[in-house]
Peer 1: 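I am attaching a structure below and will ask some questions about it afterwards.
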Amino acid sequence: MTSDNQELTAQSAAYPPPERLVNPEEGREKPWISSMAEYEALYNESIQQPDKFWTRTANELLTWDKPFTHVTQGSLNEGNMAWFSDGQLNISYNCVDRWAIKDPNRVAFVYEADEPGQASKVTYGELLAKVCGLANVLHSFGLRKGDTVAIYMPMIPEAAVAMLACARLGLVHTVVFAGFSAASLAERVADARCRVVITADEGLRGSRPIRTKAIVDEALKTCPEVERVLVFRRTGSEQVEFNAPRDVWWHEAVAAQRPYCPPVPVSAEDPLFLLYTSGSTGKPKGVVHTSGGYLLGAAMTLKYVFDIHDGDVFCCTADIGWITGHSYVVYGPLALGSTSVVFESVPTYPDASRYWKLVEDHRITQFYTAPTAIRALRRHGDDFVTKCDLSSLRVIGSVGEPINPDAWTWYNEVVGGSRCAVVDTYWQTETGSHVITPLPGATVAKPGSATFPFFGVELAILDPTTGTELEGNDVSGVLAIKRSWPSMARTIAGDHKRFLETYLRPYPGYYFAGDGASRDADGYYWIRGRVDDVINVSGHRLSTAEVESALIGHNAVAESAVVAAPDELTGQSICAFVTLKNGFEANNKLKEELVKEVRTRIGPIATPKVLILVDELPKTRSGKIIRRILRKVVAGEADQLGDLSTLSDPSILDVLVREVSTAI
Ligand code: WT7
């Protein structure tokens with residue numbers, strides 16, 4: 001990789017922490033970390049005296065049923081990492097009971113329903129009763145510690161209740177994003193061996209119903225091992241099919257249960273959840289997160305990165321179907337006893353002011369969203385933002401993909417009114433919580449850089465070919481982490497070998513993140529995007545192989561190659577090249593059918609933006625598709641194709657370039 005760091009450093013403006021954080025008004029506390037020196041002292045302690053550092057923080061932030069006596073064991077070399085392993089705790093007790101006992105009227109969730117003006121609140125006292133009631137229902141189904149439950153629900157507080165009810169019994173949940181198709185849901189339910197699925201009759205997004213239960217019914221046609229489907233009534237639609245005794249109404253089942261359920265203590269290393277994510281091969285992997293380390297990571301990053309204090313109202317717009325929703329809608333905020341906003345709608349319903357109206361209505365203090373939403377809302381113009389009162393905001397965050405400096409600056413100036421700290425947080429499903437991020441009261445931000453490592457995270461930049469660590473500043477390579485941290489994933493469900501091969505074997509002794517990165521002359525980290533076959537569309541991760549196999553599933557398709565194309569709005573978009581079997585005619589109707597095939601097999605998020613029917617794909621003499629060429633062509637860099645000596649038929653290049661230029 002070439003190094004353009006110097007240029008970047010020189011170009012980029014630097015933004016010190018805003019005055020109102022550094023010198024808070026009367027009655028407001030100072031930031032938890034209020035200078036670089038403080039950050040450095042704590043960071044150094046976390047690296048040099050990890051036992052001391054983690055013993056203190058794990059006891060400060062979590063309540064243990066049985067205290068741990070040792071902090072960490074295992075190594076990245078062996079892939080057997082464990083944290084606080086002889087300690088026991090219950091995650092739902094930590095997230096709910098602690099606060100319900102102390103202050104039952106404190107608000108746990110502000111629920112902003114799809115239709116504006118219908119917000120409601122769930123207090124910690126109410127949450128405890130809901131979680132206990134549902135946990136008793138799950139227990140009555142015969143579920144016991146270690147069993148896995150699938151959750152396929154809209155963004156409503158009950159989705160969090162379902163997660164916490166599982167955690168109360170030591171059950172493992174696997175939330176499947178409710179935008180995934182029946183086929184994707186079925187694949188995950190089967191892989192995780194779930195016997196119970198929790199869902200809702202329907203969801204609502206921008207006033208459009210989503211037929212959640214119908215999708216579950218479709219999926220379960222191929223999952224005979226599922227015995228129970230628990231259905232929350234969200235819309236009360238008459239059209240929902242109900243197949244008793246398999247299907248059970250949530251409200252009826254809970255009404256039959258006692259509203260208290262004792263929490264089951266689990267080992268810190270017992271799994272809390274699986275979350276499926278795309279890798280570089282076709283089959284999604286069930287990333288396994290355990291209990292103690294994960295909860296500590298979620299709580300601690302939220303506390304320091306968003307500088308959460310008592311009375312704050314935190315809003316993360318991610319869906320609970322993604323890791324961001326797990327860590328920063330549910331587990332992080334509740335572990336801190338904070339108030340979390342559950343947002344059911346879309347940012348443009350009824351108009352592009354929805355987020356900002358949300359901030360105004362609920363006096364939100366910290367707001368967390370994705371660059372794709374920022375870019376989309378920016379296009380609607382500043383008025384939608386500036387007409388709302390955003391004076392409650394102190395920290396605004398970004399996650400999911402690199403944020404372009406322009407979007408960063410708009411977010412800072414127009415949304416944050418130049419009075420807020422902007423935190424560009426880099427992390428992954430596998431890291432469980434933030435690993436590279438600014439701290440709002442301490443870090444001088446550079447737009448587009450995630451800045452510095454969080455506590456306990458020891459970063460390295462490696463030469464991609466030799467694996468040698470590149471020391472010093474002003475270097476570029478692949479991003480790696482040198483030691484385990486509490487919230488890192490421990491394995492892939494049912495496939496530890498794949499876990500080792502994906503993350504720990506590529507560069508022995510390191511966790512390999514799959515991203516390219518540089519460290520600039522000032523030591524700031526800049527994430528350059530994935531170096532594997534993963535596409536990031538609007539902050540959602542998809543594998544090229546997954547989309548290719550969906551296309552091949554269509555009868556007309558001979559071969560396909562899928563690459564990422566740069567996209568102004570969604571960061572990247574999916575561009576599919578397809579060759580047809582003999583006897584099939586290339587026409588627009590077939591193209592539409594192929595796009596539809598991908599939507600049905602995976603879900604709307606995987607929709608190819610461009611699909612090009614070609615006579616031939618660029619291949620090596622041994623028949624391997626050269627995706628690199630396709631990537632360059634769709635990026636408009638056909639003049640920089642590099643070494644073409646392996647290409648078996650160079651004459652197809654001109655045709656490709658022509659086809660692409662008419663299609664894009
Ligand atoms: C990939 C992880 C974890 C939250 C949501 C996505 C990219 C994430 C940033 C950022 C640059 C980022 C990386 C990473 N990414 N945040 N702040 N700057 N890139 O989770 O689906 O597991 O995807 O998202 O490429 O590897 P995910």
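Atoms within a ligand are numbered from 1 in the order they appear, just like the ligands themselves.
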Peer 1: Report yes if R530 has an N/O atom closer than 3.5 Å to an N/O atom of ligand 1; otherwise report no.
Peer 2: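 Such a contact does occur with ligand 1.
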
Peer 1: Just let me know how Q428 lines up against ligand 1, side chain, backbone, both or neither, with a heavy-atom cut-off below 4.0 Å.
Peer 2: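 Near ligand 1, Q428 shows its backbone as well as its side chain.
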
Peer 1: Backbone, side chain, both or neither: what part of N536 comes under 4.0 angstrom of ligand 1, heavy atoms only?
Peer 2: side chain

Peer 1: Is any side-chain N of the basic residue among R627 and E548 closer than 4.0 Å to the acidic one's carboxylate O?
Peer 2: yes

Peer 1: Just to be sure I read this right, does ligand 1 sit under 4.0 Å from the backbone of A450, its side chain, both, or neither, counting only heavy atoms?
Peer 2: neither

Peer 1: Ignoring angles and geometry beyond distance, decide whether T277 reaches within less than 3.5 Å of ligand 1 through its nitrogen or oxygen atoms.
Peer 2: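 For ligand 1, there is no N or O atom that lies under 3.5 Å from one belonging to T277.
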
Peer 1: Which atoms of ligand 1 are found less than 4.0 Å from any heavy atom of I323?
Peer 2: 3 (C)

Peer 1: Would you say the ring centroid of Y426 lies under 6.0 angstrom from that of H434?
Peer 2: no

Peer 1: Among all protein heavy atoms, pick out the one at the shortest distance from atom 6 (C) of ligand 1; state its residue, atom name and that distance to 0.1 Å.
Peer 2: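 The protein heavy atom lying closest is G539 O, 4.0 Å.
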
Peer 1: Give the atom numbers and elements of ligand 1 that come within less than 4.0 Å of a heavy atom of T324.
Peer 2: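 That gives atoms 4 (C), 5 (C) of ligand 1.
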
Peer 1: So that I can tick it off, tell me whether E568 and R379 are bridged by a salt bridge, with the cut-off set at under 4.0 angstrom between side-chain N and carboxylate O.
Peer 2: yes

Peer 1: Output all residues satisfying side-chain contact (heavy atoms from CB on, under 4.5 Å) with C420, sequence neighbours left out; order by chain, then residue number.
Peer 2: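 side-chain contact (heavy atoms from CB on, under 4.5 Å) list for C420, sorted by chain: R20, L393, I396.
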
Peer 1: Inspect the contact between D515 and R528 and indicate whether a charged nitrogen and a carboxylate oxygen are less than 4.0 angstrom apart.
Peer 2: no

Peer 1: Please state which protein non-hydrogen atom is closest to atom 11 (C) of ligand 1 and give its distance, to 0.1 Å?
Peer 2: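 The answer is P402 N, 3.1 Å.
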
Peer 1: Quick test of your reading of the model: are K446 and D520 salt-bridged, counting only N-O distances below 4.0 Å?
Peer 2: yes

Peer 1: Would you check the N or O atoms of S398, main chain and side chain alike, for any that come under 3.5 Å of an N or O of ligand 1?
Peer 2: no

Peer 1: Parallel, tilted or perpendicular for F273 and Y331, by the 30°/60° rule?
Peer 2: parallel

Peer 1: Specify the protein heavy atom at minimum distance from atom 9 (C) of ligand 1: its residue, its atom name, and the distance to 0.1 Å.
Peer 2: E401 N, 3.6 Å

Peer 1: What's the shortest distance from atom 14 (C) of ligand 1 to any protein heavy atom, and which residue and atom give it?
Peer 2: D515 OD2, 3.2 Å

Peer 1: With only distance considered, is G400 within less than 3.5 Å of ligand 1 through an N or O on each side?
Peer 2: yes

Peer 1: Using only atom types and a distance under 3.5 Å, with no angle test, would you say the side chain of R599 pairs donor to acceptor with the backbone of V595?
Peer 2: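 Flag not set: sc R599 to bb V595 has no pair under 3.5 Å.
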
Peer 1: Please determine if K482 forms a cation-pi arrangement with Y510, meaning its NZ or CZ atom is less than 6.0 Å from the six-membered ring centre and no more than 45° off the ring axis.
Peer 2: no

